[in-house]
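Whatever order the structure lists ligands and atoms in, that order sets their numbers, starting from 1. Residue numbers run from 1 in the order of the sequence given. The figures that follow rest on heavy atoms only: side chains count, while hydrogens, waters and symmetry mates do not.
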Amino acid sequence: MSTTFTIDTAISRANPTPAPMKRLTVPAIAARKGGEPIVMLTAYTARMAQLLDAQCDMLLVGDSLGQVIYGLPSTLAVTLDMMCTHGAAVVRGSYRSVVIVDMPFGSYEESPQTAFRAASRIMAETGAAGVKLEGGEAMAPTVAFLSARGIPVCGHVGLTPQAVNALGGYGARGRSEAEGAKILADAGAIADAGAFALVVEGVVEPLARAITAKVACPVIGIGASSACDGQVLVTEDMLGMFERTARFVKRYDDLAGRISAAVEAYAGEVRSRSFPEDAQVYAPKAPASGA
Ligand code: KIV
């Protein structure tokens, strides 16, 4: 008798999509400037990636996983190990979307060389198509260094959560003329350095519009403007998993409420012994006929 054990990947939890779709590419995303809006959401797990993949063009393994998955107070304590583990899971769970992994705080700011070591590890260990890093003019040489060495980079300007201590909070940016001009210059520098796309977060609407008009790469807004070339949200925010979110989040569901209701129903049935029912228990083998 054969002892070979074959996993039916067409129906296993690991890989439920029977016919893999062709994955979009970074150049295809870059070519969407001014065209069909880019749909981007965050994903941190293979299962969420499976659920989002067909509707999204890009999946971002954001360092927001620090708060969403690990309950950290900010993104500052997120590590390269965390990003590699979750990045690989999201790549395994998706077939169509371009997967981008955030570079965590401290892994890229010191020098372009340091950034290359961290980014190349992310690329090798996850199979992602590129990385995202936060920062403006000061990060432009790093964006150029990585881009010239085959690592596609998505920039991130405006409200940059890794700089929360320097910014003094998570409030909207670009309210003053001087701050708006600085963010516009940051966006231009990152795009000119070779970023294939640019996330613009938490800035006043006219500034997001101006950045989108100015830079050559697609601008993906979050708390920005409908004039951007695409939009991104943290998936758990838009699904209603959290009671408190930023003003720019639109809730498309109330998963927190629905999970609480489902768990309440389960707990009640366990306590009243009405779960499991006959459908959820195994019947003994029927005796062989004629026995
Ligand atoms: O970490 C993240 O999820 C992000 C998005 C909010 C853009 O950077």
Side-chain angles (χ1 to χ4, degrees), residues 29 37-45 48-49 52 56-80 82-87 89-90 97-109 118-119 122 126 128 130-136 139 143 152-164 167 169-173 183 186-187 190 195-203 208 211-212 217-225 228-239 241-242 244-252:
I29 295 295
I38 297 163
V39 180
M40 186 179 185
L41 281 171
T42 60
Y44 318 120
T45 64
M48 188 59 89
L52 305 181
C56 287
D57 303 308
M58 294 177 77
L59 293 176
L60 171 65
V61 187
D63 61 353
S64 50
L65 63 75
Q67 288 124 314
V68 176
I69 301 283
Y70 292 96
L72 294 167
S74 75
T75 57
L76 296 184
V78 171
T79 65
L80 209 45
M82 289 178 188
M83 297 313 298
C84 286
T85 301
H86 290 274
V90 169
S97 307
V98 168
V99 177
I100 299 298
V101 177
D102 255 341
M103 300 196 69
F105 177 67
S107 71
Y108 63 94
E109 298 90 334
I122 289 174
T126 67
V131 297
K132 176 167 84 58
L133 58 80
E134 297 182 8
M139 284 300 121
V143 172
V153 181
C154 177
H156 184 160
V157 300
L159 170 57
T160 46
Q162 292 177 11
V164 62
L167 298 176
Y170 295 103
R173 314 296 304 164
I183 295 170
D186 283 341
I190 294 298
F196 78 91
L198 179 66
V199 167
V200 174
E201 177 169 358
V203 300
I211 293 171
T212 307
C217 66
V219 170
I220 302 173
I222 171 165
S225 169
C228 293
D229 302 298
Q231 303 293 330
V232 58
L233 283 174
V234 169
T235 299
E236 284 74 3
D237 284 347
M238 59 83 82
L239 291 178
M241 283 286 282
F242 294 103
R244 286 184 55 219
T245 55
R247 170 200 155 96
F248 57 69
V249 172
K250 178 171 175 184
R251 289 175 194 221
Y252 289 82

Is E134 close enough to touch ligand 1? Criterion: a residue heavy atom under 4.0 Å from a ligand atom. no
Of I100, T85, T42, V99, the one forming a side-chain contact (heavy atoms from CB on, under 4.5 Å) with V61 is V99
Under the side-chain contact (heavy atoms from CB on, under 4.5 Å) test against V200, which residue among I222, V157, V232 passes? V157
Element-labelled atoms of ligand 1 that are located less than 4.0 Å from some non-hydrogen atom of [X]:
| X | answer |
| --- | --- |
| H156 | 8 (O) |
| D102 | 1 (O), 2 (C), 8 (O) |
| T42 | 3 (O) |
| I222 | 6 (C) |
| G62 | 1 (O), 2 (C), 3 (O) |
| S64 | 1 (O), 2 (C), 3 (O) |

Is a side-chain N or O of D102 found less than 3.5 angstrom from the main chain of D63, in a donor-acceptor match? yes
Any sub-3.5 Å donor-acceptor pair from R251's side-chain atoms to F242's backbone N or O? yes
Distance-only N or O hit between ligand 1 and E201, under 3.5 Å: no
Could an N or O of ligand 1 be found under 3.5 Å from any N or O of D63, whether backbone or side chain? yes
Among all the protein's non-hydrogen atoms, which is closest to atom 8 (O) of ligand 1, and how far away is it? K132 NZ, 2.9 Å
What is the closest protein heavy atom to atom 7 (C) of ligand 1, and at what distance does it sit? L60 CD2, 3.8 Å
Does M241 CE have over 12 foreign heavy atoms under 6.0 Å away? no
Exercise: identify the closest heavy-atom pair between [X] and [Y]:
| X | Y | value |
| --- | --- | --- |
| C154 | V199 | SG-CG2, 3.9 Å |
| L76 | Q162 | CD2-O, 3.1 Å |
| L52 | A43 | CD1-CB, 4.1 Å |

